[in-house]
Number of protein chains: 2
Amino acid sequence: MQLIGERINGMFLDVKQAIADQDKKVIQDLAIKQTKAGAAYLDVNVGTAAADQEGTIQWLVESIQEVCQTALCLDSQKPNVIAAGLKVLNADNGGMLNSSPLNKKSDEEILDKYLDMAAQAGPKVNVITLTMDKNGVPQDIDTRVAIAAEIVQKAMEKGFDTQRLFIDPIILPVKVPNAQAQPGNILDAMAQIQFLADPPPHMTMGLSNLSQGTNERSLINRVFLAMAISRGLDSAIVEVLDKELMDVVATSEMLMNKQIYSDSFLKVF
Amino acid sequence: MQLIGERINGMFLDVKQAIADQDKKVIQDLAIKQTKAGAAYLDVNVGTAAADQEGTIQWLVESIQEVCQTALCLDSQKPNVIAAGLKVLNADNGGMLNSSPLNKKSDEEILDKYLDMAAQAGPKVNVITLTMDKNGVPQDIDTRVAIAAEIVQKAMEKGFDTQRLFIDPIILPVKVPNAQAQPGNILDAMAQIQFLADPPPHMTMGLSNLSQGTNERSLINRVFLAMAISRGLDSAIVEVLDKELMDVVATSEMLMNKQIYSDSFLKVF
């Protein structure tokens, strides 16, 4: 399970404030804490408040790289912000571009740009792609799988290793009206996406989005994460500082035979 | 989700002692507590210590029926013990016979006996059947599904409503050597068993068996229960007094669109 720590994101008030104050200590503390908690990647998202998005992502990346070598996950829907981050990223530590839909509302092939940027950045830089196209986020299982298939096909055509693709089926907040069937549909879609390539493409998701606005955020995240791991999810953007969530990851991996059982399997993890 | 409270079982020391002392207060308290916690059925198992198994199950059934009308789940591998329990069971409250394999180590058709006893007891008495035959508990997915298919077929041939069948895929302790693939296999088997009849047969499992002998019993139970509910499990023999486990049931049902989301979905459950 490759965990991506979600906390360095301008939508969190402490990070937003740290960006405004150019206080890199706050960012560096979050980087170290999340790394210690088991993050294989640290998400880096400037949020919406910063006026200079390109400069801000570079400041974040450089601040983090001063204190740790954890792979960074550059998080923006804007190719120019990703490109700015890549200029200062130490790609030898690995990296992730987060994220690209298949294409944008226009017919512009946005995925091409992200795959090209990752290819250029080096062999350890992966790409998160959303099962989403110009029609938006699909509601049903079949369209999600069809878009995932197009993504895999496009990567293959470009000679981009499908093992560097992390497909994100996009989980919507359970609180959104008329989205009640989404969690079940996503699980079924994931079960099929696994068979699109051999070895299967990786799958990831921004888990916390599911529980947005609810009173039981950690519980909802924990239950759905267990279900998703049982369908092949092998990466997730999560709150790695949530100890109970990490225990669920360890237990799920043990039950799905990815980690051997021992009486101290939680500690081993 | 039809929950079967597991606590009235002679393998628990308090129940064993209560049976030895003929102290029905202990049993009645457990019956009331489990009913309040959401048990649709109360499992009744005399354990192995009682010399007179037939008399003991009758004493347990009668003691419970003095204080509540919850459906009882008569739990024994011995048809004569089940038959004794049925003699005093108030079948108008509903009931369950727990459990029969397809057949025994000899070719004796044990399932026939259980189906006949349930049919005779009345329309509200159901049967738990194990995906197990004279060769024991299967290790793989296909044999589990094949046995479940034979069970459904036998019920249909006898004119026993498949909606009264609760198929139990038998979860072994995760601590058992060489059983690491079992949880995943059981989930995959359940996904297929759902399609054996329309409407699908119910599925149940003795969840606590999974975590037998581990240090993290509740956590392991919670994680696997979430996974299993996402594959169609609609009943389980569980520790209903484990509040955290009940929260996982409520959350799983909400995520799988069996309960509508509201901010107080845990309380509603």
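Throughout, a chain's letter reflects where its sequence line sits, starting with A, and its residues are numbered from 1.
Of the residues A/Ile237, A/Leu130, A/Ile167, the one that meets the side chain to side chain contact (heavy atoms under 4.5 Å, CB included) test with A/Ser99 is A/Leu130. None of B/Thr35, B/Thr70, B/Asn126, B/Thr204 except one satisfies the side-chain hydrogen bond (donor to acceptor under 3.5 Å, both in side chains) rule with B/Tyr41; the exception is B/Asn126.
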Between B/Arg222 and B/Asp242, does a salt bridge (Lys or Arg N to Asp or Glu O under 4.0 Å) hold up when you go through it step by step? CA-CA 10 Å; B/Arg222 292 199 304 271; B/Asp242 179 344; 5.1 Å; no
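Chain A forms more heavy-atom pairs under 4.5 Å with one residue of B/Pro183, B/Ser252, B/Ser230, B/Ser264 than with any other, namely B/Ser230. Ranked by heavy-atom pairs under 4.5 Å with chain B, the list A/Leu219, A/Leu187, A/Thr214 is led by A/Leu219. Per-residue heavy-atom pair counts under 4.5 Å with chain B were compared for A/Thr251, A/Leu210, A/Asn185, A/Val248, and the maximum is reached by A/Thr251. Contacts with chain A were tallied for B/Leu266, B/Asn257, B/Ile260; B/Asn257 has the most, counting heavy-atom pairs under 4.5 Å.
No part of A/Leu225 comes within reach of chain B, as not one of its non-hydrogen atoms sits under 4.5 angstrom from that chain. Contacts between B/Glu244 and chain A at a heavy-atom distance below 4.5 Å involve the side chain alone, from C-beta outward. Using a 4.5 Å cut-off between heavy atoms, B/Gln180 contacts chain A through both its backbone and its side chain.
More than 12 heavy atoms of other residues, nucleotides or ligands sit less than 6.0 Å from atom NZ of B/Lys154.
Listed for the B/Gln194 side chain is no donor-acceptor partner under 3.5 Å among the backbone atoms of B/Ala189.
Between A/Asp188 and A/Arg231 there is a salt bridge, since at least one side-chain N of the basic residue sits less than 4.0 Å from a carboxylate O of the acidic one.
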